[in-house]
There are 2 protein chains.
Amino acid sequence: MTDLVRETVIEKLRDGEYNCPKELTLSMFSGKWKINMIYHLGHDGNYYFYELQKLLPRASHKEIAEKLKELVEDGIVDRHPEAGPRLKVSYSLTPLGISLLPIIDSMYAWGEKRLKELQLRHVVFGLGETKD
Amino acid sequence: MTDLVRETVIEKLRDGEYNCPKELTLSMFSGKWKINMIYHLGHDGNYYFYELQKLLPRASHKEIAEKLKELVEDGIVDRHPEAGPRLKVSYSLTPLGISLLPIIDSMYAWGEKRLKELQLRHVVFGLGETKD
DNA sequence: CGGAATCCAAAAAGATACTG
DNA sequence: CAGTATCTTTTTGGATTCCG
């Protein structure tokens with residue numbers, strides 16, 4: 001299992017000593033690739049495992065498998081194995097996962113705005129007008 | 001420095017190859033205690049270093065110092081050293097940090113709702129009505 | 001193809017101690 | 001008080017392998 005934040009949250013939940021709602025939310029998608037997976041599944045629909053691998057070329061096979069497993073455990077993602085000669089598994093968001101999309105979208109919007117600011121500053125640096 | 005997500009984002013930004021706004025946002029507060037710090041600073045105003053230590057008793061001195069340093073580097077938090085016989089430093093959110101509060105508040109709301117659901121299920125388990 | 005196990009390298013975190 | 005450095009332990013991640 002991965003991610004200390006998620007670990008801590010799960011442990012606290014089990015012990016009934018939990019008191020920080022925003023950490024619970026963060027633990028849902030703070031793993032290295034989870035937010036991308038949720039985003040893609042939320043905006044494009046279902047994906048097969050191997051499709052997710054193509055979408056996230058910098059993530060290892062192991063990471064994708066681990067994160068998907070956690071997302072399923074957390075009730076964010078559904079797993080759909082298909083019968084056949086070769087095992088094929090597709091994934092989709094659960095209603096709970098879908099309920100995270102507004103948060104991720106607002107994060108996207110914030111990040112986009114911030115990115116533009118940073119790029120503008122970068123141009124200014126390039127012109128030698130100011131320093132970092 | 002800490003947090004691989006943040007590292008990756010910074011690196012990508014430097015190389016000009018950046019293309020994922022939501023990861024940028026996530027990198028702002030995905031460190032282990034950052035979201036709590038931002039939340040407290042946002043809702044309560046300024047805090048001294050030693051006050052943050054009291055607010056986050058499970059976070060080590062080192063962690064708090066590191067995360068604050070990163071938050072300052074990222075433009076989320078301002079550092080206010082006070083002159084005196086003993087060094088005293090207070091911290092506050094920058095406008096940029098304040099602009100993150102709506103996202104954190106929506107995370108809080110989501111987590112609160114989810115927490116209630118989980119607790120309800122927990123009660124049911126305790127009564128032996130169903131299984132995990 | 002999807003998933004789990006293994007081994008190994010890299011990263012993060014705790015403890016401690018030192019400085020201004 | 002705040003910040004940094006060092007050392008050690010724990011976690012995490014990549015690569016590879018094996019199995020259904």
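Quick note: numbers below take in every heavy atom, side chains included, and nothing from hydrogens, waters or symmetry partners. Model, not experiment: these values are computed from the prediction.
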Length of the CZ-C1' vector between A:Arg86 and C:dG3, whole Å:
13 Å
Main-chain N/O of A:Glu70 paired with A:Glu73 side-chain donor or acceptor, under 3.5 Å:
no
Determine whether a donor-acceptor pair (one donor, one acceptor, N or O, separation below 3.5 Å) exists between the side chain of A:His61 and the base of D:dG14.
no
Which nucleotide in the set D:dG20, C:dA13, D:dG3 lies at the smallest distance from any side-chain heavy atom of B:Glu63?
C:dA13
Report the distance from atom NZ of A:Lys88 to atom P of C:dG2, rounded to the nearest whole Å.
8 Å
So, is B:Tyr91 close to the D:dG3 phosphate, meaning a side-chain N or O under 4.0 Å from OP1 or OP2?
yes
Residue pair B:Tyr48, B:Glu82: steps toward the side-chain hydrogen bond (donor to acceptor under 3.5 Å, both in side chains) verdict:
CA-CA 10 Å; B:Tyr48 289 106; B:Glu82 290 180 10; 2.7 Å; yes
D:dT11 phosphate, OP1 or OP2, under 4.0 Å from B:Lys32 side-chain N/O:
no
Ring-face cation contact, B:Phe49 with B:Lys88, 6.0 Å cut, 45° max:
no
With a 3.5 Å distance limit and no angle check, can you tell me whether B:Ser27 reaches the backbone of B:Arg6 through a side-chain donor-acceptor pair?
no
Measure from CD on A:Glu73 to C1' on C:dA4 and round the result to the nearest Å.
14 Å
Just the rounded figure in Å: distance from P of D:dT11 to NZ of A:Lys62.
14 Å
Counting only N and O atoms by type, is there a donor-acceptor contact under 3.5 Å from the side chain of A:Ser92 to the main-chain atoms of A:Asn46?
no
Let me know the distance between CD1 of A:Ile64 and C1' of D:dG13, rounded to the nearest Å.
13 Å
Rounded distance (Å) that lies between atom P of C:dG3 and atom CG of A:Leu87:
6 Å
Output the rounded distance in Å from CD (B:Gln53) to P (C:dG14).
13 Å
Using the closest heavy atom to pick a nucleotide of DNA chain C for each, name whichever of A:Glu51 or B:Ser60 lands nearer the 5' end.
A:Glu51
From the candidates C:dG3, D:dG14, D:dT4, the one with an atom nearest any side-chain atom of A:Val89 is C:dG3
Measure CG/A:Leu56 against P/D:dG14 and give the value in whole Å, please.
12 Å
On the nucleotide C:dG3, are OP1 or OP2 found under 4.0 Å from the side-chain N or O atoms that A:Arg79 carries?
yes
